[in-house]
Amino acid sequence: MTLAKNDPQATGLSHTTPVGAATQREAQATPPLTMQISGKLSGRGTRLPQQKDIKLDPELQEQLTALFQHGQYQQAATQCAELLNSHRKSAFLWELLGRCHLAQTALDEAATCLNKACELNPTSATTFAAMGDVYRLQNRSEDAVALYRKALALDSTCLPALNNLGNTLLDQDRIIEADQCFANAIDQAPDNAQLLYNRANIQRQLGNLGIARDLYGQAARFAPGFLEARYNLAQLTGMAGDRVEAIRNLEQILLARPNDDRARAQKLRLMADLCDWRWLDEYQDHRRHLGLRGSACAPQAQIGLEDNPDLLRIRMQAHASAGLQADPAPQRPRAETRPQQLRVGYFVSSAQDLDALRLLDSLLARHDQSRFSLYVYTASAPRADLVGVLHRDIRGLSPTTIKTQAVADQLDIAIDLTSYTHEADATVFSARIAPVQVAMPGFPGTMGTPAYDYILGDAVTCPPGSERYFEEHLIRMPHSYLSVSGPQDLSGHQFSRRDCGLPDEAFVFCSFTASHAVTPREFDIWMRLLTKIDGSVLWLADYAEEAQAALRTAAGDRSVDPSRLIFAAPCTGEERMARSMVADLFLDSFTLNARPSRPRCVGCRAARADNGWPPVRCPHHRQSAGCCPYGGAGYNHPPGL
C-alpha cells in the first residue's frame, strides 16, 4: 500500500516526526487506497513535557519546541546540543535532540538521545512513543509495538503512540487492531483530520464505503486544505452516485493545485458521466500534458477521454512508473520440464468487480484439474462450490503480504483478472510473483509496465498492427479472449414493449452504452436518424437524472422532441440481455463501445441463438447477425456492419 504525504493543514503543528513521508509527486500519484503515515498530531499527549528543572527557562523550552514544530530541525538540534553542556540531566533537551535527529533520519543518534531521555524521565509517554518511531524506521516492528504499548500504559491518551501503533499494526496487516487504535485516537482528538483520514482508509479497505466517506468528509471539513482527504471524498461520493458533489470537491482541489492532473481527469470523467459536454473543451485545453507532468491519472478516469492508443500508452506508462514501484520477489529457477500440474493463480483484488468474478467462475469451470493446480486470490470469503481450488482471502492485506503468500504458493503462472479496474493493486504483480504473468483486460489497454509478460486479446480487440500499443506480448485467442459459460437461458425473462415503456408501433433505436461514452459525435447521428424516421424513438440506459436532463435538452436543441428519448429502468444482466430483443436496431458509440446485448438481425429481426461468440451469420442476410457481438469497453465492430 502506497504511503501518502502528511498534510500540515490536516494535523496542525506539533513536535512529532513524520514517519516515511512521501514526496509531493508520490502524494499526488497515489492510488485510491492510500494509507497515510501520520506524524503531526494535535491534542492531548503530544506536547513535550516541561522540565521541572528551574535552571532551564520555560520560555526557552517553548522557543525550542516552536523551532522543531516549524521544521527547523538543525537549528533546534544545535541549540539543544549547546544547552546540554550545562544541562546534562534535562530530559526535555535529550528528547528534543533525539526528535531532531529522527526528523533527519539519523536513527542511531536519535536512539542514543531518546534512550538517555528515557533514563532521566521514565514516566514520559511521548519519549517512549518517539523511540517506537525509531524502531519502526529500523524495521523492528515488534519492538516498536512494545514501545508504543509502553507509552500508552503510561498515558492512554498519548496520540502519537496511538496513531503510530495503528500504522505499525497496518504494516503487519493487523487491520482490525489498527482500526481500534485510530478510533481510540479520534476519541481523544475528534477534530484531527489526519486521524480521521487514516481510519477512513482502513474502513475503505474493509469495504465499509459509507463509513469511509463520512470520515473523509469530516477530515475535509476540519482541514479544508487537506487535498488527499478531499480527493478520496470525491471518489467515494461519485461512486455513491452524487457526481455533482464529487465534481465540486475536485474543483476545490484544482483551485488549490491547478496542475493536479489526477483530480482533473477524475473531474472530466464525472462530467462525461453527466453528459456535461463542456468536458470536451476542458480536455482539449489540457490534452497534451494530462497525466504526464507530475500527477499520474487513474486509468479508468482517462480511458474514455479519446481513442488515441499512442497517447494512452504514454499515460499508462506514467501511471505505472508513479504507482507500481516494488522490490522484486526472490525468484526460483525455472523448471527444465513441465511439471505434472502447473500452478495457476487467478487474482481479483476487488469484491465489487462482479464482471471479473463471473469471468473467474467461467475460467475455473474449464480447467482440467489433473493438469492444473488452481489458486484463487480474491477479496472475499472462500466459497464452498469451488471444489479442488485453493482459495486465498486477501481482504485487508497489504501488497507485501499478498506477494509473500503468492511466492510461497510457488505459482507457475499468475493471471490478473482485475488489472486497473476498481481498487486493483497491480503492485503485487510488479514484484514478479511468478515466472509468467498475464493480464486479462478488465481494463481495455496496456498496463504500461513490463511486469506483465502477456496480455490476452483477439483479432477484434487487438487487430494486426496494434502490437506497438502494448508493453506486453499479445496473445490472440481464436474467437474471443473472453471465457463465456455458454448460451444463456433467457426464457424466464420475456419482455414486451409495453413492459419496457416503449411504444408498440414505433421503430426503436437502442443504445445501452454508458453515459460517459456518449458525445455530440454519436448524438448528432442518433438525432438525424430520429429526424428521418417518423415516430421512431431512442431507447437508452438508466442514466443519472442530470445526464437524462442534459440529453433531453440536447435533443431539443437539435429539433427533436425530447420525449422521443426513453430511458430504461435498472435491471440485471440477464434481463438486460433479454429485453434488448424488443428493439429494432442497436446503435453503438465510438471511443468506448456498449456492453454486449442480444440484438436481432437488422434484415429479418431473427434473434441470436448463441451468446455472441464467435460472430454468426444470419442465413438470410450477408451481415453479421449481431451489431457488436464482442461488447465491452474499447472494442470495434465486426467487419460487415
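A ring-ring contact (aromatic ring centres under 6.0 Å, His included) check over residues 238-269, counting only residues at least two apart or in different chains, returns nothing. Among residue pairs with one or both ends in residues 466-478, those qualifying as side chain to side chain donor-acceptor pair (under 3.5 Å) are Asp310-Arg468, Arg313-Glu471, Gln317-Glu471, Thr446-Glu472, Glu467-Arg476; sequence neighbours excluded.
Here Asp307 contributes atom CG and Leu592 contributes atom CG; the two are 9.0 Å apart, rounded to the nearest 0.5 Å.
Taking the six-membered ring for Trp and thresholds of 30 and 60 degrees, Phe586 and Phe512 have ring planes more than 60 degrees apart, a perpendicular arrangement. The aromatic rings of Trp279 and Tyr283 sit tilted relative to each other, their planes meeting at an angle between 30° and 60°.
Between Glu245 and Arg248, at least one side-chain N (NZ, or NE/NH1/NH2) sits under 4.0 Å from a carboxylate O, which counts as a salt bridge. In summary, Arg269 and Asp273 engage in a salt bridge, as defined by a charged side-chain N under 4.0 Å from a carboxylate O. In summary, Arg243 and Glu546 do not engage in a salt bridge, as defined by a charged side-chain N under 4.0 Å from a carboxylate O.
Side-chain contact, Ser380 with Thr378: a donor N or O sits under 3.5 Å from an acceptor N or O. Checked by atom type, the side-chain pair Arg199/Gln218 shows no donor-acceptor distance below 3.5 Å. Tyr346 and His367 form a side-chain donor-acceptor contact under 3.5 Å, judged by distance and modelled atom types alone.
Shown here for Leu254 and Asp260, the closest heavy-atom pair between the two residues is CD2-O, 3.5 Å.
The six-membered or imidazole ring of Trp277 lies near that of Phe523, with a centre-to-centre distance under 6.0 Å.
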